[in-house]
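The next block holds one structure in the form of structure tokens; read it before the comments.
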Amino acid sequence: MVASSPTPVASDPPAFGSYVLDRIGNTPLLAFRRIIPKNPHVQIFAKAEWCNPGGSVKDRAALQIIVDAERRGDLRPGKTLIDSSSGNTGIAYAMIGAARSIPIELVMPASISEERKHIAAAFGAKITYSDPYEGSDGAIRLVRKLVAESPDGYYYADQYSNPSNWLAHYRTTGPEVWRQTMGQITHFVATLGTSGTIMGTGRYLRERNAAIKIIGVQPDDALHGIEGLKHMESSIVPAIYDERQLDAKLLVTTEEAFATARRIAREEGVFVGQSAGAAMAAALRLADTIECGVIVVIFPDSGDKYLTTSLWKIQDWSI
Ligand code: PMP
């Protein structure tokens, strides 16, 4: 498999500037000054995925899903792309749909943050809300029902089963991390939602160096508040998820994820979402258990989509 192809969008370069979709990928790798491991022989770096134009890591997957479906002819004029999303993939589809004139329909849990709803709507996507108490699994069940009711009108992208999801990371995130660490990465840490990020990046990195450890991060409990993540044991398990690809799985509480996201904002000046907090919390714990290494962690999105949630609204941040 060719691993180095650039962002898979064909567009003639303009004389000046770049098209919005050409800005997907090639995100910076951040270093830290204060939130660092106690052991000086361990370093942590974070991939700043909010630098993608749709504001999250999911731009990569959504673009690959759309481009591959168009190539196969599954997504063609007259079809609407439909999928369930806890927010970021929906925003990414909506952004790409607006830029490429593809109609987008999203099924999202009514419980997702207001910001996510408004951003997806701003790009012109049609949104149907699923039961807030059923989380992302409720959205999956509802989208399947809608597609069964009118199969001809839709291309069901199904990010949980679609290999283009992990392939996006195999082709872009993995090579970027390898390049940015000059091949020195020893541990890759990412949170689990659809698992596309960790499956694709992990596969690429392991092909470069089989000794690299791939560490998954998930909420400790079915009833968690870390938007975008799945508690696999109590969820519909994504078809693309293969737990054998992971060397370890670390569990993070909602409180630990929130507290770490707040620390990252105040001590590093980096404004991230709760899943980035979860990933960093796990990376710091991992750092305590190894003698030396270069840990790369994914920061999937920024804090601004959660301004109206308890992540940032709470006055007493001592918890
Ligand atoms: N964090 C956030 C905020 C997300 O929206 C997602 C995607 N649901 C993830 C992490 C996990 O990414 P992936 O789907 O690639 O596992």
Side-chain angles (χ1 to χ4, degrees), residues 27 46-50 52 54-65 83-94 106-109 111-113 115-117 119-120 135-137 139-140 157-174 188-204 214-219 224-232 235-243 245-246 249 252 254 257-258 260-261 271-282 297-306 309 311:
T27 54
K47 214 49 186 136
E49 287 299 304
W50 67 88
N52 288 299
S56 86
V57 68
K58 300 302 304 203
D59 284 6
R60 298 176 188 262
L63 182 61
Q64 187 81 47
I65 284 171
D83 208 352
S84 66
S85 163
S86 59
N88 278 328
T89 312
I91 289 170
Y93 287 138
L106 306 171
V107 180
M108 297 164 132
S111 51
I112 64 167
S113 74
E115 291 87 338
R116 288 178 172 209
K117 297 175 186 171
I119 296 168
S136 56
D137 284 357
I140 293 173
D158 193 2
Q159 57 165 331
Y160 295 96
S161 313
N162 194 325
S164 304
N165 179 351
W166 66 261
L167 205 56
H169 299 284
Y170 182 89
R171 288 194 168 154
T172 67
T173 320
F188 178 70
V189 176
T191 49
L192 302 176
T194 63
S195 80
T197 305
I198 200 156
M199 289 294 123
T201 312
R203 274 192 187 113
Y204 177 85
I214 309 299
I215 318 288
V217 181
Q218 70 163 50
H224 66 90
I226 314 176
E227 281 196 39
L229 303 197
K230 256 183 187 284
H231 178 256
M232 290 293 179
S235 307
I236 299 175
V237 177
I240 60 169
Y241 179 54
D242 178 4
E243 193 160 300
Q245 305 276 333
L246 307 184
K249 213 159 62 167
V252 174
T254 300
F258 278 36
T260 310
F271 191 44
V272 292
Q274 359 177 313
S275 67
M280 186 60 150
V297 50
I298 296 286
F299 280 1
D301 66 2
S302 77
D304 46 14
K305 264 177 251 145
Y306 309 99
T309 74
L311 177 59

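Start at 1 and go down the list; that is how both ligands and their atoms are numbered. Keep in mind it's a predicted model, so treat the numbers as computed, not measured.
Between the side chain of Ser161 and the main chain of Ala239, no donor-acceptor pair closer than 3.5 Å is present.
Rounding to the nearest 0.5 angstrom, the gap separating the CG atom in Asp304 from the CD1 atom in Ile119 is 7.0 Å.
For the 3.5 Å distance criterion, the side chains of Tyr306 and Arg116 qualify, holding a donor opposite an acceptor. Under 3.5 Å, the side chains of Gln159 and Thr89 contain a donor-acceptor pair of N or O atoms. Side-chain polar atoms of Thr201 and Arg60 form no donor-acceptor pair below 3.5 angstrom.
Residues satisfying the side-chain contact (heavy atoms from CB on, under 4.5 Å) criterion with Asp137, sequence neighbours excluded, are Ile140, Arg141, Lys230, Ser235, Ile236.
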Measure from every N or O atom of ligand 1 to the protein's N or O atoms and keep only the pairs below 3.5 Å, writing each with atom names and distance to 0.1 Å.
unit_1	atom_1	unit_2	atom_2	d
ligand 1	1 (N)	Ser275	OG	2.7
ligand 1	5 (O)	Asn88	ND2	2.9
ligand 1	8 (N)	Gly228	O	3.0
ligand 1	14 (O)	Lys58	NZ	2.8
ligand 1	14 (O)	Thr194	N	2.8
ligand 1	14 (O)	Thr194	OG1	2.6
ligand 1	15 (O)	Thr197	N	2.9
ligand 1	15 (O)	Thr197	OG1	2.5
ligand 1	16 (O)	Gly193	N	2.8
ligand 1	16 (O)	Thr194	N	3.3
ligand 1	16 (O)	Ser195	N	2.8

